[in-house]
Amino acid sequence: MNLEELSGLPPGATDHFRQEGIEELYPPQAEAVDAGATDGENLVAAVPTASGKTMIAALAMLSAVERGGKALYIVPLRALASEKRDEFEAYEQFGITTGVTTGNYESTDDWLATKDIIVATSEKVDSLVRNGAGWLSELTCVVSDEVHLIDDRNRGPTLEVTLAKLQQLNPAMQTVALSATVGNADEIADWLDASLVDSDWRPIDLEMGVHYGNALNFDDGSTREVPVEGSEKQEAALVRDILQEGGSSLVFVSSRRNAEAAASRLGGVSGPELSGEERTELAELAAEIRDDSDTETSKDLADCVERGAAFHHAGLSSTQRSLVEDAFRDRLLKVISATPTLAAGVNTPARRVIVRDWRRFDPSAGGMAPLDVLEVHQMMGRAGRPGLDPYGEAVLLAKSHDESQELFDRYIWADPEAVRSKLAAEPALRTHVLATIASGFARTRGGLLEFLEATLYASQSSEAGRLESVTDEVLSYLERNDFIERDGKTEQTNDDAGAFTSAADLADQQRSKNEQTLEATSLGHTVSRLYLDPMSAAEIVHGLEGAEERPTALGLYQLVSRTPDMYELYLRSGEDEKFGELFYERERELLGDAPSEFEEGRFEDWLAALKTGTLLEDWAEEADEETITERYKIGPGDLRGKVDTAEWLLGAAESLAAEIDSEWTVAVREARARVEHGVGEELLELVSVGGVGRKRARRLYEAGVEEPADLRSAEKEVILGALKGEKTAENILENAGRENPSMDGVEPASGVVSATSDGSKAGTSDETNEETADDNQSSLGDF
DNA sequence: TCATGCCAATTTTAGACAGCATGTC
DNA sequence: CTAAAATTGGCATGA
């Protein structure tokens with residue numbers, strides 16, 4: 001199908017696509033148009049990665065906007081949201097505006113209301129529904145990217161429920177779901193009342209094969225010699241082989257440590273092949289990486305990067321991740337070894353994809369579990385860059401002939417698994433049942449069940465009554481914790497009498513049970529709006545209610561760390577003892593009742609939360625990044641993630657404290673502010689001044705400048721002595737509201753000098769300094 | 001007595017969304 | 001039910 005044949009697009013859109021080098025639609029895209037993509041018809045497109053899924057979405061959204069509507073594009077990751085934003089922003093040429101909204105992106109309701117296309121994460125959309133964003137009812141087109149993630153145990157139910165709610169909100173709305181090729185795309189299409197485009201067509205060929213011994217055997221029967229020399233690893237031989245043809249490679253491994261070790265070895269392969277110019281550019285990139293964070297992980301990464309290789313996993317900071325991804329896309333980096341993060345993330349195609357480890361540690365399986373076919377296919381789908389590579393190659397590694405055969409059977413010739421809804425899992429229902437009640441989607445038990453009937457789970461469920469029984473369990477949990485109220489007919493039907501009840505009576509009971517009204521309490525509304533798991537909220541509320549004296553920062557940090565919304569830090573061997581001791585030392589500070597030591601699992605969780613809590617405490621006591629990452633054996637990305645989550649949870653805890661009229665609201669606020677800025681209590685005022693962070697605040701404080709007012713009155717020499725650079729100092733003074741911030745001709749004072757004329761403050765600050773130093777040492781000694 | 005080298009036993013193990021209101025070194 | 005690499009610990013050896 002030719003671009004000219006398309007109708008209903010905004011004027012200028014066709015020209016834009018032509019400029020992008022698009023003349024003709026790919027077959028699956030043409031199929032989608034035939035199925036009514038540009039006419040507002042519902043559509044499920046199950047096609048491989050990089051075969052033009054976004055174009056299908058774009059055609060649907062642009063035609064919807066041209067008809068006077070508004071479109072929403074739902075993505076699973078923040079990083080993908082900005083990737084799509086960049087892509088859609090080009091439509092501004094012909095007057096179509098795009099806005100993004102995610103947890104960490106600026107966005108007000110009115111601002112979004114003016115945009116034609118809005119990009120958001122599924123959780124953000126869920127949150128918008130809960131908070132009743134007005135523009136949601138104006139949507140005429142919703143695109144859900146990577147819709148197969150409905151299968152994900154943690155985040156799948158959110159997407160599923162959100163799609164169901166959007167459809168209920170706007171019955172006339174067009175739904176376009178984009179999926180990887182999965183086993184049951186037809187089922188998803190049925191659920192969404194959509195037509196299906198199911199295709200494995202790709203714009204460039206993908207050859208799949210297994211490497212064993214010295215040979216690479218492809219699925220079409222062809223073979224390529226790739227000898228493994230000396231003691232080198234298979235992946236090294238494969239990377240070298242394709243590098244000699246000028247192709248880059250992506251190696252998927254099972255753990256972070258494996259990724260780092262492999263990258264370091266592969267640097268030995270790519271390093272010698274680099275041109276002088278590349279070396280210079282890579283050295284600059286390495287400097288940027290070291291600059292971003294001063295940790296062991298960063299140094300290791302920078303060392304690899306200098307030799308044209310890199311590792312990629314969630315321990316990297318987001319800046320480092322994008323630096324690596326961008327450099328790989330620009331072909332500056334020749335090889336990346338990555339954990340499965342990269343397979344689901346932003347677009348990073350390579351000529352050759354090597355899936356080295358096809359088993360991964362999975363605690364729920366009690367050991368190593370094979371990767372899903374879908375997951376491996378997603379990894380392999382990264383092979384081949386349209387327009388740049390003649391073809392893509394995906395290679396699995398086998399160590400024996402038997403394994404080689406197994407890999408062909410298990411992954412290359414196998415169909416991907418079916419997508420199964422995970423909605424009936426209790427944690428998921430807890431959140432979504434409360435949200436559904438709080439936002440008024442359901443006012444009775446019957447109404448709630450009716451809504452749940454519209455989910456994929458209900459359409460797949462084979463076990464009749466399961467959803468209903470879990471829902472009832474969840475409802476009583478929510479009622480027990482004062483999140484909802486059930487009215488009338490609450491009395492449980494007498495189970496013992498069941499045997500004697502007639503069928504008519506049962507039906508009658510059922511009916512009255514369904515008429516039972518459900519209403520969120522004020523607390524319930526708050527929890528739903530804050531986007532908390534009700535169980536997290538309950539934990540926090542109980543913790544705050546039980547506190548008899550002002551909670552310490554550690555107490556609050558441990559409290560939020562033991563909620564299900566905080567991702568757990570894992571206790572390493574020997575640490576159970578270490579944190580057990582710390583627990584007895586600081587037991588009095590912790591909020592709520594500790595589980596008994598004999599409750600193996602729960603006690604361990606409690607200690608793991610204590611570990612996370614001390615990490616946050618260290619951060620709030622101004623330990624630097626390097627100290628913390630080393631002490632807890634984590635990467636910079638993990639630290640920032642933890643701090644981020646804690647900030648969010650403590651913010652929510654503050655709202656909850658206000659809601660239940662807790663007397664500790666201020667303590668919570670202070671603990672949150674300390675985590676946010678990573679500073680001790682005494683610096684909180686200083687960091688509120690623009691341009692002052694944890695490091696500068698500490699230096700100013702040591703020089704005797706203790707609060708914003710001191711910035712206005714202290715001698716300039718002292719301030720300049722504490723801060724390096726005139727420009728910085730001037731900027732800070734201006735932010736502090738000083739009359740004449742100019743630093744012209746001011747000489748920095750060295751050493752600790754009294755900042756104020758009376759000199760008394762210098763004395764106090766010295767004392768505090770000693771205390772802080774002591775504190776740091778004692779906590780260092782603990783580890 | 002202490003450093004060194006080797007082998008066996010032990011340890012470790014992926015990921016990242018969300019409120020609200022604005023800006024680090 | 002399943003793996004693999006790195007680290008640690010124990011022991012023998014040699015100076």
Side-chain angles (χ1 to χ4, degrees), chain A residues 75-79 81 101-104 106-108 120-128 130-131 149 152-156 158-159 233 252-262 291-294 312-315 318 321 338-345 356-363 365-371 375 399 431 526-533 536 565-567 570-574 624-625 633 637-638 640-642 644-645 647-656 672 676-679 687-697 699 723-725 728 732 735:
Chain A
V75 290
L77 297 170
R78 290 183 200 164
T101 176
T102 66
N104 60 349
E106 46 154 327
S107 61
T108 61
T121 55
S122 37
E123 283 77 11
K124 186 66 188 190
V125 178
D126 186 17
S127 165
L128 289 165
R130 295 182 188 198
N131 290 288
L149 289 173
D152 185 280
R153 186 159 291 284
N154 301 314
R155 298 179 57 207
T158 302
L159 179 57
K233 305 262 175 180
F252 285 104
V253 299
S254 65
S255 71
R256 293 179 178 190
R257 207 168 48 183
N258 283 343
E260 293 181 16
D291 214 38
D292 175 65
S293 118
D294 188 21
H312 187 287
H313 57 62
S318 54
R321 272 205 246 182
T339 56
T341 353
L342 206 59
R356 194 193 75 176
D357 304 339
W358 55 279
R359 277 191 267 243
R360 174 180 56 205
F361 178 77
D362 176 4
M368 299 301 282
L371 297 178
E375 224 171 333
K399 274 165 218 65
T431 302
T526 304
V527 171
S528 173
R529 265 190 299 107
L530 289 171
Y531 212 79
L532 282 179
D533 182 330
S536 300
D565 276 310
M566 178 72 94
Y567 195 76
Y570 162 84
L571 285 184
R572 316 174 92 83
S573 87
D624 53 42
E625 205 178 22
K633 296 195 165 50
D638 302 299
R640 291 174 200 191
K642 281 276 170 298
D644 215 48
T645 309
E647 218 181 297
W648 165 58
L649 282 171
L650 287 162
E654 192 186 328
S655 303
L656 288 176
R672 187 200 58 79
E676 182 186 344
H677 300 288
V679 294
V687 288
S688 68
V689 175
V692 182
R694 63 200 307 242
K695 303 236 164 109
R696 287 172 185 169
R699 282 206 301 272
L723 303 166
K724 306 193 167 94
T728 317
I732 288 171
N735 290 336

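Just so it is clear, the values below take in all heavy atoms, side chains as well, and ignore hydrogens, waters and symmetry mates. Bear in mind the structure is a predicted one, so any value in this text is a computation, not a measurement. Here is the naming used below: chain letters follow the sequence lines, and residue numbers restart at 1 for every chain.
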### Query
Should A:L530 and A:W648 be marked as a side-chain contact (heavy atoms from CB on, under 4.5 Å) after you check the CA-CA gap, both sets of side-chain angles, and the distance that decides it?
CA-CA 9 Å; A:L530 289 171; A:W648 165 58; 5.9 Å; no
What is the distance from [atom1] of [X] to [atom2] of [N], rounded to the nearest Å?
{"X": "A:R640", "N": "B:dG23", "atom1": "CZ", "atom2": "P", "value": "20 Å"}
{"X": "A:R696", "N": "B:dG23", "atom1": "CZ", "atom2": "C1'", "value": "12 Å"}
{"X": "A:L656", "N": "B:dG19", "atom1": "CG", "atom2": "P", "value": "14 Å"}
{"X": "A:L532", "N": "B:dG19", "atom1": "CG", "atom2": "C1'", "value": "8 Å"}
{"X": "A:K695", "N": "B:dT24", "atom1": "NZ", "atom2": "C1'", "value": "10 Å"}
{"X": "A:L571", "N": "B:dT12", "atom1": "CG", "atom2": "C1'", "value": "13 Å"}
{"X": "A:R130", "N": "B:dC17", "atom1": "CZ", "atom2": "P", "value": "16 Å"}
{"X": "A:L159", "N": "B:dC17", "atom1": "CG", "atom2": "P", "value": "14 Å"}

Which atom names give the shortest non-hydrogen contact between [X] and [Y], and what distance separates them?
{"X": "A:T341", "Y": "A:R321", "value": "CG2-NH1, 3.5 Å"}
{"X": "A:T121", "Y": "A:L77", "value": "CG2-C, 4.0 Å"}
{"X": "A:I732", "Y": "A:G690", "value": "CG1-O, 3.9 Å"}

Would you indicate which nucleotide in [options] comes nearest to any side-chain atom of [X]?
{"X": "A:P370", "options": "B:dA18, B:dA14, C:dT2", "result": "C:dT2"}
{"X": "A:L77", "options": "B:dA16, B:dT12, B:dG19", "result": "B:dA16"}
{"X": "A:S573", "options": "B:dT12, B:dG19, B:dA18", "result": "B:dT12"}
{"X": "A:A261", "options": "B:dG19, C:dA6, B:dT24", "result": "C:dA6"}
{"X": "A:M368", "options": "B:dT12, C:dA3, B:dC25", "result": "C:dA3"}
{"X": "A:K399", "options": "B:dT12, B:dG19, C:dA4", "result": "C:dA4"}
{"X": "A:N258", "options": "B:dA14, B:dC25, C:dA5", "result": "C:dA5"}

Think [X] has a side-chain N or O under 4.0 angstrom from the OP1 or OP2 of [N]?
{"X": "A:T121", "N": "B:dA18", "value": "yes"}
{"X": "A:R155", "N": "B:dA18", "value": "no"}
{"X": "A:S255", "N": "B:dT12", "value": "no"}
{"X": "A:K124", "N": "B:dG19", "value": "yes"}
{"X": "A:Y570", "N": "B:dT13", "value": "yes"}
{"X": "A:R257", "N": "B:dA14", "value": "no"}
{"X": "A:S127", "N": "B:dG19", "value": "yes"}
{"X": "A:K233", "N": "C:dA4", "value": "no"}

Classify the nucleic acid contact of [X] as base, sugar-phosphate or nothing, counting any heavy atom under 4.0 Å across all strands shown.
{"X": "A:R321", "answer": "sugar-phosphate"}
{"X": "A:V253", "answer": "nothing"}
{"X": "A:G641", "answer": "nothing"}
{"X": "A:A344", "answer": "nothing"}
{"X": "A:S122", "answer": "nothing"}
{"X": "A:D126", "answer": "nothing"}
{"X": "A:E647", "answer": "base"}
{"X": "A:G637", "answer": "nothing"}
{"X": "A:R694", "answer": "sugar-phosphate"}

### Query
Between A:G691 and A:R256, which is nearer to the 5' end of DNA chain B once each is assigned its nearest nucleotide?
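Looking at the nearest nucleotide for each, A:R256 comes out on the 5' side.
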#### Entry: DNA chain B: 5'-proximal contact among A:K633 and A:D291 (nearest heavy atom)
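The answer here is A:K633.
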### Message
If you apply the rule salt bridge (charged side-chain N to carboxylate O under 4.0 Å, His left out), what do you find for A:R130 with A:D126, and how did you get there?
### Response
CA-CA 6 Å; A:R130 295 182 188 198; A:D126 186 17; 3.2 Å; yes
### Task
For B:dC20, give its Watson-Crick or G-U wobble partner with both distances under 3.5 Å, or none.
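The answer is none; no pair meets the criterion.
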#### Entry: Pairwise C1' distance for B:dG19 and C:dC1, with rounding to whole Å
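About 44 Å, rounded to a whole number of Å.
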#### Entry: Separation of the P atoms in B:dA18 and C:dA3, to the nearest angstrom
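My reading of the P atoms in B:dA18 and C:dA3 gives 38 Å.
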Any chance you could measure [X], atom [atom1], to [Y], atom [atom2], to the nearest 0.5 Å?
{"X": "A:S255", "Y": "A:R360", "atom1": "OG", "atom2": "CZ", "result": "11.0 Å"}
{"X": "A:E647", "Y": "A:H677", "atom1": "CD", "atom2": "NE2", "result": "8.0 Å"}
{"X": "A:R359", "Y": "A:L371", "atom1": "CZ", "atom2": "CG", "result": "10.0 Å"}

### Query
Which stems does DNA chain C form, counting runs of 3 or more consecutive Watson-Crick or G-U wobble pairs with both distances under 3.5 Å?
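Stems found: B:1-13 with C:3-15.
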### Message
Applying side-chain contact (heavy atoms from CB on, under 4.5 Å) to A:R640 and A:S293, what does each step give before you reach the verdict?
### Response
CA-CA 11 Å; A:R640 291 174 200 191; A:S293 118; 3.4 Å; yes
### Message
I'd like to check, for A:F361, whether its ring lies over the base of C:dA3 with centroids under 5.5 Å apart and a plane angle smaller than 30°.
### Response
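Ring-base stacking flag not set for A:F361 and C:dA3.
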### Query
Any side-chain heavy-atom pair from A:L532 and A:L649 closer than 4.5 angstrom?
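Heavy-atom side-chain distance check passes, below 4.5 Å.
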### Task
Take A:L656 and A:V527 through the test side-chain contact (heavy atoms from CB on, under 4.5 Å) and record every step on the way to the result.
CA-CA 8 Å; A:L656 288 176; A:V527 171; 4.0 Å; yes
